[in-house]
Peer 1: 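What follows is a structure written as structure tokens; I'll ask about it next.
Heavy-atom basis, side chains included; hydrogens, waters and symmetry copies ignored. Keep in mind the model is a prediction, meaning the values are calculated, not measured. Just so it is clear: chains get the letters A, B, ... in the order the sequence lines come, proteins before strands, and each one is counted from 1.
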Amino acid sequence: MRITDIIKELDLKVISGNSSITNEVTGGYVSDLLSDVIGNAREGNIWITVQTHQNVVAVASLKDLAAVIIVKGLQPDSDTIEKSNIENIPVLSTETDTFNIAGRLYELLNKK
Amino acid sequence: MQIRHKIAGGDFTRAGNVASAVKKVLQQINIDHKQSKRIVIALYEGEVNVVAHAYSGVVDIDIDSEKIKITIADKGPGISDIEKAMQEGYSTATPQVREMGFGAGMGLSNMKRNSDFMNITSIPGEGTTVELINFIKPDAN
């Protein structure tokens with residue numbers, strides 16, 4: 001499934017990093033600890049988090065993640081937006097909380 | 001091939017820049033994808049440790065036909081009990097650093113897991129040096 005499909009299905013807002021928005025998604029990862037994501041997320045995953053600072057983009061880029069979803073309507077810092085456009089990491093936003101958006105993403109990715 | 005990078009302690013805006021630069025080099029010289037990913041993880045964690053705990057650091061990357069050796073040497077408070085520091089979940093990071101999602105006490109164990117050889121030496125009050133070696137053909141070792 002492509003990021004664009006997920007954006008449509010989960011009604012996500014695209015904040016930045018639009019250039020990579022058609023990339024394929026391999027799965028999801030949920031964590032607010034950067035070491036956990038660096039150690040355990042997989043290439044092509046969508047990462048769901050409450051963190052909004054630019055290190056999120058650095059981690060996503062190093063791990064070749066597909067995109068980041070920032071939950072609860074939290075706004076990413078301006079340098080996060082800037083960096084995501086440089087690194088081509090889509091930063092997406094939802095008003096929903098982590099539990100609910102992760103549940104919906106799981107359902108979507110595992111739907112036959 | 002030898003590469004040297006400097007890290008400024010406390011500068012979280014640039015944390016990950018060294019790992020990112022090295023990742024590009026490893027891709028250019030066609031290092032095995034799996035091994036390359038491990039090296040980048042270990043280096044990122046080492047870099048963040050310098051930013052979070054030390055005043056300054058120098059990273060030396062030495063690549064030959066067999067292995068990639070990374071040495072991260074910092075000037076900082078040092079580690080008095082390395083065994084304790086290696087325990088997953090143990091961290092001396094400040095509350096501010098933890099709020100950003102760092103300081104989960106997973107850094108050193110991530111480094112250990114993602115390197116073929118790791119050695120830490122530290123002098124409390126002076127600094128810490130971490131050596132990481134990853135063999136280019138992991139199957140051969």
Peer 1: Check the pair B:Met86, B:Lys112 against side chain to side chain contact (heavy atoms under 4.5 Å, CB included), reporting the backbone distance first and the verdict last.
Peer 2: CA-CA 9 Å; B:Met86 286 298 301; B:Lys112 176 102 181 157; 3.9 Å; yes
Peer 1: Are the charged groups of B:Lys37 and B:Asp32 less than 4.0 angstrom apart, N to O?
Peer 2: no
Peer 1: What residues of residues 72-96 of chain A sit under 4.5 Å from chain B when you count only heavy atoms?
Peer 2: A:Lys83
Peer 1: Among the options A:Thr52, A:Asn55, A:Val50, pick out the one with the most heavy-atom pairs lying under 4.5 Å from chain B.
Peer 2: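 The answer is A:Asn55.
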Peer 1: Have A:His53 and B:Glu99 got a donor and an acceptor in their side chains that come within less than 3.5 Å?
Peer 2: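 Result is no, nothing qualifies.
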Peer 1: Thinking salt bridges, do B:Glu126 and B:Lys75 make one under a 4.0 Å N-O criterion?
Peer 2: no
Peer 1: Using a 4.5 angstrom heavy-atom cutoff, name the option from B:Asn17, B:Thr13, B:Asn114 with the most pairs to chain A.
Peer 2: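 Going by pairs under 4.5 Å, I would pick B:Thr13.
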Peer 1: Could you check B:Ile72, B:Leu132, B:Val48 and say which one makes a side chain to side chain contact (heavy atoms under 4.5 Å, CB included) with B:Leu43?
Peer 2: B:Ile72
Peer 1: Using the rule side chain to side chain contact (heavy atoms under 4.5 Å, CB included), only one of A:Ile7, A:Ile46, A:Thr98 pairs with A:Ile69; which is it?
Peer 2: A:Ile46
Peer 1: Is there a donor in the side chain of B:Ser109 and an acceptor in the side chain of B:Glu88, or the other way round, less than 3.5 Å apart?
Peer 2: yes
Peer 1: Counting neighbours of CD on A:Glu43 that are heavy atoms of other residues, nucleotides or ligands and sit closer than 6.0 Å, is the number greater than 12?
Peer 2: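 More than 12 within 6.0 Å, yes.
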Peer 1: Which residues in residues 24-39 of chain A have any heavy atom closer than 4.5 Å to a heavy atom of chain B?
Peer 2: A:Asp32, A:Leu33, A:Leu34, A:Ser35, A:Asp36, A:Ile38, A:Gly39
Peer 1: Give, as side chain, backbone, both or neither, the part of B:Phe12 having an atom under 4.5 angstrom from any heavy atom of chain A.
Peer 2: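 For B:Phe12, backbone and side chain are both near chain A.
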Peer 1: Decide, yes or no, whether a salt bridge links A:Arg2 with A:Asp5 under the criterion of side-chain N to carboxylate O below 4.0 Å.
Peer 2: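 Salt bridge: no.
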Peer 1: For the CZ atom on B:Arg98, are there more than 12 heavy atoms of other groups (residues, nucleotides or ligands in this structure) within a distance under 6.0 Å?
Peer 2: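 Enclosed.
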Peer 1: Just by distance, no angles: are the side chains of B:Arg113 and B:Asn110 close enough, under 3.5 Å, to form a donor-acceptor pair?
Peer 2: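 Per modelled atom types, B:Arg113 and B:Asn110 side chains form a pair under 3.5 Å.
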